[in-house]
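Below is one structure, written out as structure tokens, with a few remarks after it.
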Protein chains: 2
Amino acid sequence: MAATLRDVARLAGVSTSTVSRALSLPDLVNPATRARVRTAADSLGYEPNKAARGLITGRTGNIGLVLPDLANPFFPSVVKGVQARARAADVAVFVADTDEDVAAEMDLVRALAKQVDGLVLCSPRAEAEDLKAIAADTTVVLLNRIVDNLPAVVFDHEDGMRQAVAHLAALGHRRIAWVGGPAASWSSDQRGQGLSQASAAHGVDLVEVGHFPPHYDGGMAAADQVVATGATAVIAYNDLVAIGLLARLHARNIPVPTRLSVVGIDDIAMSAMSHPALTTIRLPKQQAGRLAVELLLTLLDNPAAAPERRVLPGDLLVRASTTEAPQ
Amino acid sequence: MAATLRDVARLAGVSTSTVSRALSLPDLVNPATRARVRTAADSLGYEPNKAARGLITGRTGNIGLVLPDLANPFFPSVVKGVQARARAADVAVFVADTDEDVAAEMDLVRALAKQVDGLVLCSPRAEAEDLKAIAADTTVVLLNRIVDNLPAVVFDHEDGMRQAVAHLAALGHRRIAWVGGPAASWSSDQRGQGLSQASAAHGVDLVEVGHFPPHYDGGMAAADQVVATGATAVIAYNDLVAIGLLARLHARNIPVPTRLSVVGIDDIAMSAMSHPALTTIRLPKQQAGRLAVELLLTLLDNPAAAPERRVLPGDLLVRASTTEAPQ
DNA sequence: TTGAAAGCGCTAACAG
DNA sequence: CTGTTAGCGCTTTCAA
């Protein structure tokens with residue numbers, strides 16, 4: 001069906017190796033022959049067989065992206081960033097969704113690892129040890145997770161939380177509730193810690209109401225506990241949780257923001273559409289995806305390179321869900 | 001690094017061909033040797049190299065999924081269905097997002113086609129001719145699109161629209177607006193047609209307000225025109241558009257549903273969270289994804305099989321955004 | 001039931 | 001600068 005290197009060689013009247021070189025290392029071949037080969041290749045619509053090439057070079061030209069849940073709008077943004085950068089480098093992307101299941105995550109990672117040159121693990125929930133084991137025999141870049149000195153792209157959660165607390169403190173809030181995400185989530189952890197520091201610095205009380213699923217239902221579930229803390233403001237693990245909070249507060253006739261201010265994190269599209277629109281920390285999701293691939297490609301070309309870590313700042317977006325503390 | 005067939009053969013004291021057979025065609029090999037080979041393979045943690053196998057069998061064990069926009073929650077659901085079914089068959093999935101760009105779509109499809117056994121094209125915007133051309137040299141299953149007799153999984157849009165119109169007509173609505181999606185969208189077309197028929201059957205006026213981008217902004221943009229039609233109910237291309245409508249109507253102080261009833265399509269998670277919650281047509285998205293892979297795998301195993309078409313029904317979910325026609 | 005041999009499409013020494 | 005040779009890891013005739 002498809003033309004092979006030999007077909008091109010035959011047509012151009014040269015050996016297969018010359019064709020191979022003319023196409024991959026043009027400098028090593030006489031301009032005249034190079035042109036002849038190119039013409040032949042074009043006329044046959046020749047496209048190299050990646051599998052065959054990979055067999056010998058050991059590179060597949062594919063990478064894998066593993067993430068917890070595509071239904072959370074945070075992740076599609078990351079996917080877009082990853083794909084954009086990958087496409088530019090002519091590499092294809094396997095995408096795997098773990099459904100927030102730690103066991104499935106490791107299985108998927110291991111299965112993918114054998115078929116790709118490298119892996120981007122986005123917000124992985126697995127144990128640090130397991131991730132290190134994977135990284136020992138596959139090139140891996142972490143996204144939104146730090147494990148020892150594995151290469152990683154992360155958001156500056158600490159700074160984000162500082163901005164959120166500063167904002168609320170300036171509005172007179174003295175007691176802030178924190179609705180955490182999954183216990184296995186590194187970012188939830190980071191945010192919680194950043195929050196502790198920032199609230200100490202601002203002299204406000206921080207009340208943690210526990211861990212909740214990182215979506216709408218989690219927010220619904222957390223709302224009553226938040227209210228019970230007596231806090232005048234709440235920061236949620238992410239926008240989805242914040243929107244769930246909003247829904248439940250609305251149902252209970254607790255006015256936002258007049259009685260309770262609500263802050264989300266991520267800035268997913270939906271957060272601008274909620275009622276009231278959500279104050280949130282915008283995270284450069286696509287950029288993070290692009291950068292992760294960038295790091296991965298660098299590492300693949302130069303395995304000896306030191307593992308890099310890139311920290312991306314987030315920024316506070318003030319919208320209608322936060323206002324001055326009551327009375 | 002990884003163990004090869006030869007390593008296993010050596011350890012088991014047999015030839016590579018025997019190992020190959022013991023693992024892929026166990027019946028053709030003596031139970032005793034088979035066991036020996038299996039033990040050897042396990043102890044080495046042997047995993048066959050897919051690329052090498054593909055080189056000879058012509059099958060990669062990979063499929064591709066191309067879709068317009070992961071940021072539209074409709075598509076992640078499809079992805080999940082596709083991945084679930086693919087995983088069960090031990091095939092990996094390349095995912096490509098075209099960003100609703102027709103040209104990019106064809107490029108991606110062509111690029112992917114060479115690296116996979118088959119392709120699932122979800123809601124493709126390309127011309128029928130182009131899709132047929134692709135299908136001529138790659139196994140393709142269409143999802144949410146019909147082109148001649150290519151294999152496809154589709155939703156019964158006509159019936160869905162009938163349900164929507166019946167619902168609104170029963171509530172006394174006599175003039176219904178339709179906000180269409182992208183002009184290149186097959187499903188928008190189908191829905192429009194279904195709507196024409198259903199409204200004729202129910203004796204209600206249908207007013208088409210044109211084509212809009214299939215997301216929140218599209219709904220925002222369409223809202224004023226919808227109001228100007230004097231319709232008492234509006235059906236939107238999808239839930240995202242419907243939610244955009246809701247937002248703009250809210251901003252203009254036009255009460256939903258008392259003054260205007262709003263119906264969406266898809267039943268994305270967000271539609272249950274909007275204010276008011278959205279009446280919509282639920283589409284079995286994951287199931288469609290699973291089915292598409294199912295068809296694809298069947299076709300790959302039996303290329304001679306007649307192209308099948310599966311039609312999945314949607315069902316009306318009545319929520320707070322629809323009520324009786326005013327006065 | 002098993003092994004030897006050939007070869008999928010390509011790249012990478014190594015000569016020339 | 002170019003051709004020859006060897007082989008990546010696997011499956012599949014073909015004989016034995």
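Residue numbering restarts at 1 for every chain, and letters A, B, ... go by the order of the sequence lines. Just so it is clear, the model here is predicted, and its values are computed rather than measured.
- Screening residues 3-26 of chain A for salt bridge (Lys or Arg N to Asp or Glu O under 4.0 Å) gives D7(A)-R10(A) as the qualifying pairs, with residues at least two apart or on separate chains.
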Got a list of side-chain donor-acceptor pairs under 3.5 Å for residues 67-78 of chain B, not counting sequence neighbours?
residue	atom	partner	partner atom	Å
D69(B)	OD1	K80(A)	NZ	2.6
D69(B)	OD1	A71(B)	N	3.0
N72(B)	OD1	F74(B)	N	3.0

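- Of the residues in residues 26-48 of chain B, those placing a heavy atom less than 4.0 Å from an atom of DNA chain C are L28(B), V29(B), N30(B), T33(B), in numerical order.
- A heavy-atom distance below 4.5 Å is not found between the side chains of N62(B) and Q115(B).
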Next item on the list: For D130(B) and I134(B), run side-chain contact (heavy atoms from CB on, under 4.5 Å): C-alpha distance rounded to whole Å, both residues' side-chain angles, the deciding distance at 0.1 Å, then the answer.
Entry: CA-CA 6 Å; D130(B) 291 330; I134(B) 292 293; 5.7 Å; no
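- In the 5' to 3' direction, nucleotides of DNA chain C lying under 4.0 Å from heavy atoms of chain B begin and end at dT1(C) to dG9(C).
- Annotation: proximity of residues 4-12 of chain A to DNA chain C (heavy atom, distance under 4.0 Å) is found for T4(A), L5(A), numbered in ascending order.
- You can see that DNA chain D meets the heavy atoms of chain A within a 4.0 Å-exclusive cut from dC1(D) to dG9(D), reading 5' to 3'.
- Remark on DNA chain D: of its neighbouring residues S17(A) and K50(B), the 5'-side contact belongs to S17(A), judged by nearest-heavy-atom nucleotide.
- Salt bridge R59(B)/D301(B): present, at least one basic N to carboxylate O contact under 4.0 Å.
- Here the CG atom belonging to D117(A) is positioned 12.0 Å from the CG atom belonging to L299(A), to the nearest 0.5 angstrom.
- Checked against side chain to side chain donor-acceptor pair (under 3.5 Å), T57(B) has no partners two or more places apart in sequence or in another chain.
- Inter-residue side-chain proximity for P151(B) and R309(B) is flagged as unmet; no heavy-atom pair is nearer than 4.5 Å.
- Put simply, the side chain of T139(B) never gets that close to the backbone of G118(B): no donor and acceptor are under 3.5 Å apart.
- Shown here are the side chain to side chain donor-acceptor pair (under 3.5 Å) partners of Q286(B), two or more places apart in sequence or in another chain: there are none.
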Notebook entry, point to check: Does the side-chain contact (heavy atoms from CB on, under 4.5 Å) test come out yes or no for L131(A) and V140(A), once each step is laid out?
Noted result: CA-CA 9 Å; L131(A) 294 174; V140(A) 164; over 6 Å; no
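- Among residues at least two apart or in separate chains, there is no side chain to side chain donor-acceptor pair (under 3.5 Å) pair with a member in residues 46-55 of chain B.
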For residues 24-33 of chain B, tabulate all N or O donor-acceptor pairs below 3.5 Å that involve a side-chain atom, not counting sequence neighbours.
residue	atom	partner	partner atom	Å
S24(B)	OG	S20(B)	O	2.8
N30(B)	OD1	A32(B)	N	2.7
T33(B)	OG1	N30(B)	O	2.8

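- Of the options V147(B), L142(B), V154(B), a side-chain contact (heavy atoms from CB on, under 4.5 Å) to W186(B) is made by V154(B) and by none of the others.
- One finds the CG atom of D101(B) at 12.0 Å from the CE atom of M106(B) (value rounded to the nearest 0.5 Å).
- Taken residue by residue, residues 53-62 of chain A places heavy atoms nearer than 4.0 Å to DNA chain D at L55(A), I56(A).
- The closest donor-acceptor contact from the side chain of E105(B) to the backbone of P124(B) lies at 3.5 Å or more, if one exists at all.
- With hydrogens and angles disregarded, a donor-acceptor distance shorter than 3.5 Å links the side chain of R145(B) to the backbone of A126(B).
- Axis angle, first five pairs versus last five pairs of the helix from dT1(C)-dA16(D) to dG16(C)-dC1(D): 40°, rounded to 10°.
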